[in-house]
Amino acid sequence: MSIQIYNTLTRKKEPFIPMEEGKVKMYVCGPTVYNYIHIGNARPVIVFDTVRRYLEYRGYDVTYVSNFTDVDDKIIRTANELGEEVGELTSRFIHAYFEDVGALGCEKADIHPRVTEHITDIIAFIQVLVDKGFAYESHGDVYYRTRKFDGYGKLSHQSIDELKVGARIEESAIKENALDFALWKAAKEGEIAWDSPWGLGRPGWHIECSVMAREHLGDTIDIHAGGQDLTFPHHENEIAQSEAMTGKEFARYWMHNGYINIDNEKMSKSLGNFILVNDIRQQIDPQVLRFFMLSVHYRHPVNFSQDLVESSKNALERIRTAYNNLKYRLETSADLGDQQDIWMHKVNELIGDFETAMDDDFNTANAMAAIFELVKLANVYLLEENTQVNILSYFIETFDRLMGVLGLPFQSEGELLDEEVEALIEERLTARRERNFARADEIREKLKEQGILLEDTAQGTRWKRG
RNA sequence: GGCGGCAUAGCCAAGCGGUAAGGCACGGGUCUGCAACACCCUUACCACCGGUUCGAUUCCGGUUGCCGCCUCCA
């Protein structure tokens, strides 16, 4: 069974068959860098990072491109307000972006192109559209002639006429049609600008993705992804631009993630109800945040609240505990060499469940259910008096692989305790042996205040940070 | 007005024709010197009304409620 992907273009799940066997070309729309990203911005980054990881797990060679919009109205406005150069502002927030999504366990794209590095390509692209009659110059701007492109509306499944009815855009004297959109914007006094055949100006928003996707991945790409709200107009416009330019299909699979809501309302910069990743990751383990986001199917909305994050924290803790218990048990287990057995067979079944879930349009919620079944299985195995190294190792290896796909690797607990703490643990052991439980509890309480939790197991006393 | 989504236990969330996965929380039990971890047990008339079907949470029609896109937006 191949991977099934829900394609916005066809509104159906389709078997995923890349153009070139074993290779995937993937483009994900990135942020406009004039502020720290909020957790809503982080969702597509996490979701599609996970998609990428799973494709790689499945053996695909993925080329992943994600852009930065580093020039646009909001950037210019913010730079003016802060009295900062556009370039300074954007590099500051690009840096912050990498820190934020890095903390959330997202790998860097293979290529992170920036608009300002592609101005020449953008101008050349627009020129072709003008030459082909798909674009026209007006008052120093250049607009896309939406009427001319037959497929306009095919992604958002709207006809031009329907769109016009709903459009809150004023009919403009500058544009031929209200739905025409800017490819190139004439510069206003003092704005950052580049020279072009149409005078000083800068690119419109939509053109950059068409150009950069083509530049780095070619005329046709396998997967184009982004937030649901980009479907229209952004992605619709990209299709119009790219397909008019090349005469070829632009993207074969369109994937869109749902929003993050706060109190059942969309979180957005314009509504002002956003939570910055930069703030929240100081308070909440970023892995918990990632776990939380992946606990819901990517196309569904997810409501954010402290309570839900708290329950995610406990859930993740259960997985980590099982993993650590397996590792701990390694030291006191028999090494009988490699041998197959019933436990490993059950683990394999759960790996199969995990893959079935992920194959089904990256159903991370179900994939996690498989992981929890694995947790249960591991815990039951740990109930056995005599555990074996090769079975424990297989559990551990499986946890590492599957959690790796979700971008939730286990952090090593390699840190050492200071001597004082070690001494206290020793003292407590002695106290317990002498059945001086008052002293033992006192020590445990004391260490707890320092964030060190002690657990007495059949294999000895162990500690963990809590 | 056009297009679309959602409504499943206290909470979160899968499932989408054969009487409901998983997680969190709660309660009961086992284990433990006590804990912690863990294990076992318990917990659902699948928004409402019709229809199709031997059979519907799952398909169709309608109702209600919530949300989104059609404007910058992940």
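Lettering follows sequence order; numbering is per chain, from 1.
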Establish, with yes or no, whether the OP1 or OP2 oxygen of B:rA35 is under 4.0 angstrom from a side-chain nitrogen or oxygen of A:R444.
no
Under 3.5 Å, is there a donor-acceptor pair between the side chain of A:S210 and the main chain of A:E238?
yes
When you measure from the side-chain N and O atoms of A:K154 to the phosphate of B:rC3, is any distance below 4.0 Å, counting only OP1 and OP2?
no
Go through the steps to decide whether A:F68 and A:F93 satisfy the test ring pair (Phe, Tyr, Trp, His ring centres under 6.0 Å), and finish with yes or no.
CA-CA 10 Å; A:F68 287 115; A:F93 285 116; over 10 Å; no
Any N or O donor-acceptor pair under 3.5 Å from the base of B:rC67 to the side chain of A:N261?
no
Report yes if at least one side-chain N or O of A:N314 is closer than 4.0 Å to OP1 or OP2 of B:rA25; otherwise report no.
yes
Under 4.0 angstrom, heavy atoms only, what part of the nucleic acid is A:F437 near: base, sugar-phosphate, or nothing?
base
Only one of A:H224, A:H256, A:H206 forms a ring pair (Phe, Tyr, Trp, His ring centres under 6.0 Å) with A:H234, so which one is it?
A:H206
Counting just side-chain N and O atoms, does A:K464 come under 4.0 Å of either OP1 or OP2 of B:rA36?
no
Please give the nucleotide sitting opposite B:rC26 as a Watson-Crick or G-U wobble pair, both distances under 3.5 Å, or none.
none
Say we look at B:rC41 and B:rC31: how far apart would their C1' atoms be, to the nearest angstrom?
15 Å
Is any side-chain N or O of A:R432 under 3.5 Å from a base N or O of B:rG33, one able to act as donor and the other as acceptor?
yes
With sugar-phosphate meaning primed atoms plus P, OP1 and OP2, does A:R329 contact a base, only sugar-phosphate, or nothing at under 4.0 Å between heavy atoms?
nothing
As an exercise, state the distance from CG of A:L89 to CZ of A:R77, rounded to the nearest 0.5 Å.
12.0 Å
P-based separation of B:rA56 from B:rG17 [nearest Å]
14 Å
When you check the phosphate oxygens OP1 and OP2 of B:rC37, does a side-chain N or O of A:N325 lie under 4.0 Å from one of them?
no
Would one find a side-chain N or O of A:N363 under 4.0 angstrom from OP1 or OP2 of B:rG15?
yes
Hey, does the side chain of A:R318 come within less than 4.0 Å of B:rC39's phosphate (OP1/OP2), counting only N and O?
yes
Have a look at A:E373 and say if it touches a base, only the backbone sugar-phosphate, or nothing, with a 4.0 Å heavy-atom cut-off.
sugar-phosphate
Rounded to the nearest 0.5 Å, how far does CZ of A:R202 lie from CD1 of A:I119?
10.0 Å
